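The structure under discussion appears below in the form of C-alpha cells.
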Amino acid sequence: MSNCNICNNSEQKIFRSKVSLGFDTEYDLVECPDCKAIYFDVMPTNDELAKFYSGSYFNFNRWHDEVKGYFYAKKLNKIKSEGNFLDIGSALGFFIYGIKQNSNWNVYGVEFGEDAVKYAQDKVRLECETR
C-alpha cells in the first residue's frame, strides 16, 4: 500500500471495498485513518482511465443530473450560504451546474475526459479542467 494521496500518511489504510471501472478492472477502495480521504489504492493508470472514459461514458441525462444538483444545493445552503464546491469527476458538468443555478456557491469541476471538459466549458459555461 502507498501513502495517502491527500495527507501522505503511511499508516495502514482501512479497506472499504473492491471497485471496478469496467473492462475487467478491479481496485481497492481504502480510507485514510488520519484525514478520512477515500481513494483507490493503487490508482488506475492514465491508459486505464482513458479506456474507461471513452465518448460513450458521457451519455448522461442532463435533467436528472441538474435536479440532483438542485437538491444538493439545498443541502449546501443549509450548511453555509456560500462557498467553493469542487466536483472531481465532473463529467459534462450538469450536476455542478444544478448547484450553481440554485446557490451562491462557486463550482469547479475536474474531469479526465477532454471532450467532456470542452463540453462543460463551451456549452454549460463552467470552470472545468482536465487532469
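From a predicted model like this one, the values you see are computed outputs, not experimental measurements. Numbers for residues simply follow the sequence, beginning at 1.
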ring-ring contact (aromatic ring centres under 6.0 Å, His included) filter on Tyr72, not counting sequence neighbours, yields Phe85, Phe95
d(Cys32 SG, Asn8 CG) to nearest 0.5 Å is 9.5 Å
Between Val42 and Tyr27 the two heavy atoms that sit nearest each other are O-CD2, 3.4 Å
In this structure, CD of Glu111 is separated from CG of Leu126 (nearest 0.5 Å) by 12.5 Å
Separation between CG (Asp115) and CG (Leu92), nearest 0.5 Å, reads 9.5 Å
Discussion item. Using a 3.5 Å distance criterion without hydrogens, assess whether the side chain of Glu82 forms a donor-acceptor pair with backbone atoms of Asn104.
Written reply: no
Intermediate values then yes/no, side chain to side chain contact (heavy atoms under 4.5 Å, CB included), Phe40 and Val30
CA-CA 6 Å; Phe40 292 154; Val30 298; over 6 Å; no
Side chain to side chain contact (heavy atoms under 4.5 Å, CB included) between Leu86 and Ile88, worked out = CA-CA 6 Å; Leu86 173 63; Ile88 300 174; 4.0 Å; yes
With a 4.0 Å cut-off on N to O distance, would you call Lys13 and Asp41 a salt bridge? no
(request) Starting from the C-alpha separation in whole Å, work towards a yes-or-no answer on side chain to side chain contact (heavy atoms under 4.5 Å, CB included) for Asp87 and Val107. (result) CA-CA 8 Å; Asp87 184 12; Val107 298; over 6 Å; no
- Message: Please check this pair: side chain of Asn77 against backbone of Asn102, looking for a donor-acceptor N/O pair closer than 3.5 Å.
- Response: yes
Nearest heavy-atom contact between Ser90 and Ile96 is CB-CD1, 4.4 Å
Heavy-atom closest pair (Asn46 atom, Phe112 atom, distance to 0.1 Å) is O-CZ, 3.5 Å
Closest non-hydrogen contact found for Ala37 with Cys4 is CB-SG, 4.5 Å
Pair up each side-chain donor or acceptor in residues 62-70 with any protein partner under 3.5 Å, not counting sequence neighbours, and list the distances.
from	atom 1	to	atom 2	distance (Å)
Arg62	NE	Glu66	OE2	2.5
Arg62	NH2	Glu66	OE2	3.2

Taking atom NZ of Lys18 as the centre, report whether more than 12 heavy atoms of other residues, nucleotides or ligands fall under 6.0 Å from it. yes
So OH of Tyr97 and CZ of Arg125: to nearest 0.5 Å the spacing works out to 11.0 Å
Closest non-hydrogen contact found for Val19 with Leu29 is CG2-CB, 3.7 Å
In terms of heavy-atom contacts, Pro33 and Asn9 come closest through CG-ND2, 4.1 Å
Separation between OG (Ser81) and CG (Leu76), nearest 0.5 Å, reads 11.0 Å
Separation between OH (Tyr39) and CG (Asn5), nearest 0.5 Å, reads 5.5 Å
Trace of the side chain to side chain contact (heavy atoms under 4.5 Å, CB included) decision for Phe94 with Val124
CA-CA 8 Å; Phe94 301 138; Val124 188; 3.8 Å; yes
